[in-house]
Amino acid sequence: MSLKLTSYKGTRDLYPADMRRRNYIFNGWRAVVEGYGYQEYMAPLLEPLEVYAAKSGEEIVNEQTYSFTDRGGRQMVIRPEMTPSISRMVAARRQEMPMPARLYSIANFMRYERPQHGREREFWQLNFDIFGVDNIYAELEIINMSHDILTHFGATDGMFTIRVNDRRLTNFIMQEYLGLNDEQTTRMIKLLDRFDKISRDSFDDQASDIVAGDADKLAKLNQVIEAVELDDLPAEIKDNAVVEPLRSLLSKLHEQGLNNVVYNVRLMRGFDYYTGIVFEAFDEAPENRRAMFGGGRYDGLVSLFGVESLPVVGVAPGETTFQEFLLAHDLMPDFTDDAESAVTILPMASDATKTAAGELAQTLRQAGLAIAVDYTDRKLDKKTKVAVKGGAKLVIYLGDEELSSGELTVKNLASGQQAKVRRDQLVDYLNQQINSVVTK
RNA sequence: GCGUCUGUAGCUCAGUUGGUUAGAGCGCUGGAUUGUGGCUCCGGAGGUCGCAGGUUCGAAUCCUGUUAGACGCCCCA
């Protein structure tokens, strides 16, 4: 009975080519958020169960987290999200931390769910939040960053849309305009959230059920959900002050040329904890057509930790959907042949040449070059072939001939050209060859 | 938690109405060429046909269960 070769359900093994793709994404994320002055933090993998239960409710925590009792009897959870952890960290330094605080992290999370398209049990997310800014400029910045994160990788406006809504506006529509009670509001928000996933007939049936068949309310609802711009809303809504933050935000974004940022009356984003503007980046690729990531304004959870509350605007793009976006739009470079070392030394099958190869490699590494040595006793054609496949740019042949002459045979694998190079000129020659390949 | 589909070599897949030693291409590996890369030729390794029962003289093939994966539903903090 041998051990299984497969990774745990919902998790993935990442081989070098996979890691190159991941790092390409992570490095791009970093470049963008650090360009906005965001600073990196990291939190522990484990947090006490209470933090999540307080935020998300017992049920979801018990059913969808990896939790266990530690040896001291504490109920612990592998983090399913970053918000409680960063809230704790900010709360702990509430008095001394200068505001606004701009913080980001790239970390992994686990949720005990059934894996499916774009969803795994272990996943990586970029989290970035701005703490302590109470006006629309915080949303403006976060949405700008969300936009940049996509365009940084070559995405253009037609490839994605950023949908925006305001939780305060939604509540106004539900309660003041439609006259729904709290329970009806909750149900209607859930239903609107699913608008694109269900048929129109099914939507109408369920909406009718929620308002107990009130024809007047249904007519008003229909008018609202057809709106594609704020000005399409009935006068009673669009003339109310509640639309001002959204109107102001959208006009500022459009002034900046972000024309794929649009109002969407049906955008809901979960239920309880958003308090103002909400938004999500939507993939327009025909094979995806779904929300990639979303965020918005929420009262920071810092008050859970006994300090004065803080306004926060944040978002958390996930690696999986992001990568699928890049693939769908042909924005992911091919990393399959990239080498970990640009140069491979191929000694002959003798101890003397192998030893010399090792020494040479050390010298070259001190000069800043990435060098691998093939110490196997295979034939040279085989070793050369493997070096090519591994993506090496240059190979250095080192046999008895080179040992006695003091000159090394360097082959440029891209051009096929080969030269004898004196040892004292080797570093310069290698650097020149490597650069010529890169610019080719 | 529920549903649909799929599991044959490392990968992509053949496998005829159940018929005896389960195949191909690619990849890996060795040689032709004891010092040089996408060609050619020759050889080799690698499979309890996801697993377990059942039907049958005989099962990769039919039946049942189970497990893993993909994709939906629920959920998505």
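Throughout, a chain's letter reflects where its sequence line sits, starting with A, and its residues are numbered from 1. We use all heavy atoms of the structure for the numbers below, so side chains are in, but hydrogens, waters and symmetry mates are not. Keep in mind that this is a model prediction, so the values were computed, not measured.
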Could you state the atom-to-atom distance from [atom1] of [X] to [atom2] of [N] in whole Å?
X        : N     : atom1 : atom2 : value
A:Tyr8   : B:G69 : OH    : C1'   : 14 Å
A:Glu120 : B:A68 : CD    : C1'   : 16 Å
A:Lys9   : B:G50 : NZ    : P     : 18 Å
A:Leu267 : B:C76 : CG    : P     : 15 Å
A:Asn127 : B:A77 : CG    : C1'   : 12 Å

Any donor-acceptor pair, under 3.5 Å, between the side chain of A:Arg111 and the base of B:C75, if you only look at N and O atoms?
no
Taking pairing as Watson-Crick or G-U wobble with both contacts under 3.5 Å, can you name the mate of B:G72, or confirm there isn't one?
B:C2
Looking at A:Tyr8 and A:Arg121, what are the two nearest heavy atoms and their distance?
OH-NH1, 3.0 Å
Touch check for A:Arg12, heavy atoms < 4.0 angstrom, all strands: base, sugar-phosphate only, or nothing?
sugar-phosphate
Check every strand shown and say whether A:Thr83 touches a base, only sugar-phosphate, or nothing at a heavy-atom separation below 4.0 Å.
nothing
Looking at A:Lys389, does any N or O in its side chain come under 4.0 Å of the phosphate oxygens OP1/OP2 on B:C28?
yes
It should be established whether A:Arg194 places a side-chain nitrogen or oxygen under 4.0 Å from OP1 or OP2 of nucleotide B:C74.
yes
Taking the P atom of each, how far is B:U8 from B:G47, in whole Å?
15 Å
Work out how far the P atom of B:G65 is from that of B:A24, and round it to whole angstrom.
36 Å
Nucleotide-resolved protein contact map, nucleotides 31-43 of chain B, B/S/- at heavy-atom distance under 4.0 Å:
SSS-BBBS-----
Both A:Arg119 and A:Arg114 contact RNA chain B. Taking the nearest nucleotide for each, which residue is further toward the 5' end?
A:Arg114
Reading RNA chain B from 5' onward, which residue's closest nucleotide shows up sooner: A:Ile198 or A:His117?
A:His117
Results of side chain to side chain contact (heavy atoms under 4.5 Å, CB included) for A:Asn23 - residues two or more places apart only:
A:Met19, A:Asn27
Indicate yes or no: at least one non-hydrogen side-chain atom of A:Asn412 is less than 4.5 angstrom from one of A:Ser415.
yes
Within 45° of the six-membered ring axis of A:Tyr274 and under 6.0 Å from that ring's centre, is NZ or CZ of A:Arg269 located there?
no
